[in-house]
Structures are given as structure tokens and as C-alpha cells.
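All values reported here derive from a predicted model rather than from experimental measurement.
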Amino acid sequence: MLCSASELELADESDGILELADDLAVGTPAAGVFGAEPVIDFEVTPNRPDWLGVAGIARDLAAASLGQLKTPSILPVPGTFPSPISVRIEAPEMCPVFAGRLIRGVKNGPSPEWLQRRLTAIGLRSINRLVDVTNLVAYDRCRPLHVYDATKLVGNEIVVRGGQVARDTGEPEHLIALDGKTYAADPAICVIADAGGERPIGLGGVMGGESTGCSDETTDVFVECAWFDPIVTAQTGRTLSLNSDAQYRFARGVDPASVVPGVELATRLILDLCGGEPSELVVAGQAPANPAAFAFDPARVALLTGLSLDDERIAEILTRLGFELALGTPWTVTPPSWRRDVEGPADLVEEVARIEGYGALPSPPLPDLGAPSKGVLNSRQAR
């Protein structure tokens with residue numbers, strides 16, 4: 001087949017067939033010819049939002065003894081001045097916690113080659129350094145972020161609330177989002193607003209507004225890192241027929257404990273790529289509680305699956321997956337903050353069987369009860 005560069009996703013536009021060097025041998029891997037990095041495509045089930053970040057996939061691969069998990073620590077970035085922008089949450093049922101900070105004196109522009117290459121490899125288009133940082137953190141740590149051009153904010157307060165309806169007309173307020181389209185925000189939709197809470201500047205957990213979007217001329221930014229309710233975010237996407245990378249993740253459940261680490265990581269990346277001076281961190285509200293601990297008898301693994309694993313191996317698998325164990329009779333297991341789908345012992349048995357490998361499950365034959373003398377159907381079933 002003859003292909004153009006755009007058909008191979010090597011360029012946005014191309015005007016003809018892509019010509020290759022004459023000395024290439026048949027069977028040469030295309031990735032080596034075009035300098036592309038290998039890409040692994042995952043189908044993620046709705047109950048595993050932690051797989052929507054590379055770190056979550058790496059954790060499971062390491063638990064299955066495919067490599068060693070490396071999780072660089074996220075060190076807090078000390079602020080040099082109080083943030084002039086505060087945050088007020090009026091709808092904690094939609095957004096229970098919101099963290100952010102101002103970074104002034106940044107220099108935006110095209111991202112370095114390594115960052116552009118990483119985003120291009122997963123099908124994203126590089127926009128600028130500030131936006132690319134948020135996309136990198138979203139795909140690497142499953143931690144959606146948003147950056148506002150602070151000079152375009154009206155007032156010194158960001159308000160999280162539900163959409164408003166005009167009293168005289170009954171019409172919901174409208175927002176022009178970053179995709180250039182206008183969306184109506186009714187009271188069931190989470191809205192980020194400024195100007196004392198009057199002007200909508202974003203749809204919480206879905207998309208920011210055009211009025212505060214960052215450009216190459218942006219010099220001061222306010223970094224948002226919040227946790228939005230999955231049901232509210234999912235319903236917003238359905239109501240507005242609006243899907244985004246952030247909405248896709250928040251609707252399935254982002255790790256609530258990643259709010260502060262997420263803004264710290266984004267701050268470090270922005271300072272490294274754009275420079276600037278960070279303010280002190282602003283945190284409003286409180287993150288949802290972590291999953292509750294429950295009792296677990298490791299003998300249930302053999303009871304439900306037939307796998308013959310010793311307690312040490314079961315404990316090793318669960319620990320590698322991030323579960324905290326208090327050994328005793330029975331064990332007390334605390335799921336990590338990113339595994340809100342684990343609610344009881346059967347879920348832990350599934351985790352052990354999954355990591356050990358379904359190919360290791362025993363397959364004993366059914367007992368031979370002998371052939372029935374009168375057939376398997378009675379007269380009524382035969383009729």
C-alpha cells in the first residue's frame with residue numbers, strides 16, 4: 001500500500017506519497033525508520049480508572065513481575081508569596097476539594113522535543129508548554145489539571161458552584177468553552193466562576209472556558225487541581241454531549257489523594273519548562289475519605305479459585321498492588337486511595353488470581369457420575 005505521511009500519522013498534513021530511502025531492506029521495522037516510539041494500546045474497563053495513567057499500568061505490570069516499579073517522589077514546591085487568588089466551594093457535593101496556586105512570570109511557547117514526542121506518540125497534538133504539561137500529567141498519573149491565564153480572571157476569587165438559571169427568563173447561563181462551542185449550564189452542572197461567582201469560566205471536570213485560556217503571550221497562570229464527583233461529571237458529559245480527556249477520567253473516578261501531589265508535580269514541570277515564581281498553595285474543602293479496611297482470610301483464595309498459593313505470595317501480590325496489610329487472624333486489608341472498586345474479600349481474590357495469572361487456575365475434570373440409564377430428559381421435557 002502506498003501511504004502519505006499524514007495517513008501514517010507522521011504529520012498533520014501531506015501532499016503526496018511518502019518516499020523512503022532506496023537502501024532500506026524488506027522487513028525493517030517502521031518504528032526504527034521513522035524514529036517513532038513503540039505504543040501499547042490498552043482497553044480499560046470502567047472499574048479501573050487508575051489504568052488511565054501510565055503509572056497505574058506500570059504498577060500492575062510490576063506486580064506481575066514485569067519490570068520494577070519506579071515512582072519518583074513528588075517534593076513540595078515552596079511558595080514565595082501568598083496567593084492573591086482564593087478559592088470558595090459552594091457546591092461540595094459536586095467538588096469537595098479544590099487546590100491551586102498562582103505562578104507568575106512564566107514564559108510560554110512551543111514544548112521541547114521530548115515532550116512533543118511523548119504526546120504525539122499517544123495521539124495528542126502539542127499546543128504549548130502550559131497545556132502540554134497538563135496533558136502529560138493527565139496521561140502519566142491519571143491526574144487531570146487545568147491552567148487559567150491569571151491576567152484574564154476577573155476579581156481575586158474562584159468560585160465552584162452549580163449552574164445558574166435566569167430568574168426572569170428561566171434560561172440557564174452559557175459558557176464558551178475552549179473548543180469554541182457554547183454550552184448551557186443548568187444547576188445540575190458544576191461550574192467554575194470568577195467575578196464574585198457571577199461569570200462562568202469553566203465546566204468543572206470537563207473543560208475550561210475560552211475567556212481564560214492560555215496563549216503564547218500568557219505570563220501569569222493559576223493552576224487548578226481538584227476532585228469532581230464522578231456521577232455529576234458523567235451526567236454533564238451526557239447532557240452536553242461533551243467528552244474530554246478530563247471528563248473521561250473524572251467520570252470514572254480519579255484518585256482523591258492526588259489533588260495536592262498533582263498540583264505540586266505540575267508546578268515543578270511548569271517551573272522547569274516555563275520558569276516563573278510560585279505562590280503558596282491554596283486548598284479549599286476536603287478530599288473524600290479513603291476506602292475502608294475490611295477483614296480478609298487468605299484461605300478464600302484457594303476456596304474460590306483453587307489456586308494453591310502460600311500466604312507469603314498472596315501478601316506479596318496485594319502489597320505490590322498498593323494494599324496495606326495488617327497480618328493476623330484474619331488479615332485486615334486497606335485498599336489504596338486509587339482502588340475504590342475494591343469493597344470486600346472476593347475483590348482481593350480476583351486481584352490475586354489476576355496477577356498470578358488465569359493460566360495458573362486448575363482445571364480438574366467434572367466427576368464421572370455414569371451415563372443415565374433413561375436419558376437426560378424426562379417425558380415432559382422431551383415433549
- Query: Within the distance-only criterion (no hydrogens, no angle test), does the side chain of T134 pair as donor or acceptor with the backbone N or O of V131 below 3.5 angstrom?
  - Reply: yes
- For D15, does the CG atom have more than 12 heavy-atom neighbours from other residues, nucleotides or ligands under 6.0 Å away? no
- Message: Ignoring hydrogens, what is the shortest heavy-atom contact between Q116 and S126? Give both atom names and the distance.
- Response: CG-OG, 3.4 Å
- Side chain of D132, backbone of S111: donor and acceptor closer than 3.5 Å? no
- Task: For residues F296 and P330, determine if any side-chain heavy atom of one lies less than 4.5 Å from a side-chain heavy atom of the other.
- Result: no
- Message: Measuring from atom OH of Y139 to atom CG of D245, what distance do you get when rounded to the nearest 0.5 angstrom?
- Response: 3.5 Å
- Query: Can a cation-pi geometry be assigned to R48 and W51, taking NZ or CZ under 6.0 Å from the six-membered ring centre and within 45° of the ring axis?
  - Reply: yes
- Query: Are I192 and L242 grouped together when hydrophobic residues (ILVMFWY) are joined by side-chain heavy atoms under 4.5 angstrom apart?
  - Reply: no
- Item | Heavy-atom side-chain contact between L273 and V133 under 4.5 Å | yes
- Does L136 share a hydrophobic cluster with L178, counting links as ILVMFWY side-chain heavy atoms below 4.5 Å and allowing steps through other members? no
- For atom CD of Q286, is the number of surrounding heavy atoms from other residues, nucleotides or ligands below 6.0 Å larger than 12? no
- Report the distance from atom CE of M207 to atom OG1 of T236, rounding to the nearest 0.5 Å. 12.5 Å
- Please say whether more than 12 non-hydrogen atoms of neighbouring residues, nucleotides or ligands are located less than 6.0 Å from CD1 in I231. no
- Which pair of non-hydrogen atoms, one from S14 and one from A5, has the smallest distance, and what is that distance? OG-N, 3.5 Å
- Message: Using a 3.5 Å distance criterion without hydrogens, assess whether the side chain of S279 forms a donor-acceptor pair with backbone atoms of L102.
- Response: yes
- Considering the options E198, E173, E93, E90, which one meets the salt bridge (Lys or Arg N to Asp or Glu O under 4.0 Å) requirement together with R161? E173
- Message: If you apply the rule side-chain hydrogen bond (donor to acceptor under 3.5 Å, both in side chains), what do you find for T80 with E277, and how did you get there?
- Response: CA-CA 7 Å; T80 58; E277 184 183 7; 2.8 Å; yes
- In terms of side-chain geometry, is the basic nitrogen of D60 or R354 positioned less than 4.0 Å from the acidic oxygen of its partner? yes
- Task: Run the numbers on S83 and R101 for side chain to side chain contact (heavy atoms under 4.5 Å, CB included), then give the verdict.
- Result: CA-CA 6 Å; S83 174; R101 68 158 25 116; 5.7 Å; no
- Keeping the roles fixed (side chain from R88, backbone from V159), state whether a donor-acceptor pair exists under 3.5 Å. no
- For the residue pair I314 and E316, establish whether any side-chain heavy-atom pair is separated by less than 4.5 Å. no
- Message: Check whether K181 reaches the backbone of I176 with its side chain - one donor and one acceptor, N or O, closer than 3.5 Å.
- Response: no
- Item | Heavy-atom pair with the smallest gap, counting every atom of P278 and T267 | CB-CG2, 4.1 Å
- Do the non-hydrogen side-chain atoms of R143 and S258 ever get within less than 4.5 Å of each other? yes
- How far does SG of C225 sit from CG of L281, to the nearest 0.5 angstrom? 9.0 Å
- Kindly determine whether S337 and N290 satisfy side-chain hydrogen bond (donor to acceptor under 3.5 Å, both in side chains), including the steps that lead there. CA-CA 5 Å; S337 58; N290 288 334; 4.5 Å; no
- Any chance you could lay out the side chain to side chain contact (heavy atoms under 4.5 Å, CB included) test for R118 and N135, step after step, and finish with the verdict? CA-CA 10 Å; R118 286 193 181 187; N135 287 330; over 6 Å; no
- Query: Within the side chain of R252, is there an N or O that forms a donor-acceptor pair under 3.5 Å with the backbone of Y248?
  - Reply: yes
- Task: Over all heavy atoms of both residues, which pair between P291 and T334 is shortest? Give the atoms and the distance, please.
- Result: O-CG2, 4.0 Å
- Message: If we ignore hydrogens and angles and just use 3.5 Å, is the side chain of Q235 paired with the main-chain N or O of V232 as donor and acceptor?
- Response: no
- Linking I/L/V/M/F/W/Y whenever any side-chain heavy atoms sit under 4.5 Å apart, do L52 and L61 land together? yes
- Any chance you could measure I127, atom CD1, to L119, atom CG, to the nearest 0.5 Å? 9.0 Å
- Message: When you measure from the centre of the six-membered ring of W338, is the NZ or CZ of R59 closer than 6.0 Å and no more than 45° off the axis?
- Response: yes
- Is there side-chain contact between P345 and D297, with heavy atoms separated by less than 4.5 Å? no
- What pair of heavy atoms forms the shortest contact from P335 to F294, and how long is it? CG-CE2, 3.8 Å
- Query: Should the heavy atoms of other residues, nucleotides or ligands under 6.0 Å from CD of Q68 be counted, would the total exceed 12?
  - Reply: no
- Thinking salt bridges, do R339 and D341 make one under a 4.0 Å N-O criterion? yes
- Item | Separation between CZ of R340 and CG of D255, rounded to the nearest 0.5 Å | 8.0 Å
- Scanning both residues in full, the closest heavy-atom pair of T332 with A293 reads CG2-CB, 3.9 Å
- Is it true that the NZ or CZ of R104 lies under 6.0 Å from the centre of F222's six-membered ring and within 45 degrees of the ring axis? no
- Where the side chain of E224 meets the backbone of V147, is there a donor-acceptor pair that is under 3.5 Å apart? no
- Query: Under a 4.5 Å cut-off applied to non-hydrogen side-chain atoms, are I85 and L153 in contact?
  - Reply: yes
- Quick check: are there more than 12 heavy atoms from other residues, nucleotides or ligands sitting under 6.0 Å from CG of D22? no
- Query: Would you say T305's side chain and V301's backbone share a donor-acceptor pair under 3.5 angstrom?
  - Reply: yes
- Go through D149 and T218 one step at a time and tell me if the side-chain hydrogen bond (donor to acceptor under 3.5 Å, both in side chains) criterion holds. CA-CA 6 Å; D149 189 325; T218 297; 2.9 Å; yes
- Message: Looking at N108 and R129, would you say the former's side chain and the latter's main chain have a donor-acceptor pair under 3.5 Å?
- Response: yes
- Item | Beyond-backbone contact of P200 with V191, side-chain heavy atoms, under 4.5 angstrom | yes
- Joint hydrophobic cluster, V44 plus F250, side-chain heavy atoms closer than 4.5 Å: no
- Step by step, work out the side-chain hydrogen bond (donor to acceptor under 3.5 Å, both in side chains) result for Y148 and D194. CA-CA 11 Å; Y148 302 92; D194 65 359; over 6 Å; no
- Say you draw a straight line from CG of L265 to CG of D140; how long is it, rounded to the nearest 0.5 Å? 7.5 Å
- Query: Hey, does T182 have a side-chain heavy atom less than 4.5 Å from the side chain of L175?
  - Reply: no
- Flag yes if V221 and V87 sit in one hydrophobic cluster, no otherwise; membership is Ile, Leu, Val, Met, Phe, Trp, Tyr, and two members link when side-chain heavy atoms are under 4.5 Å apart. yes
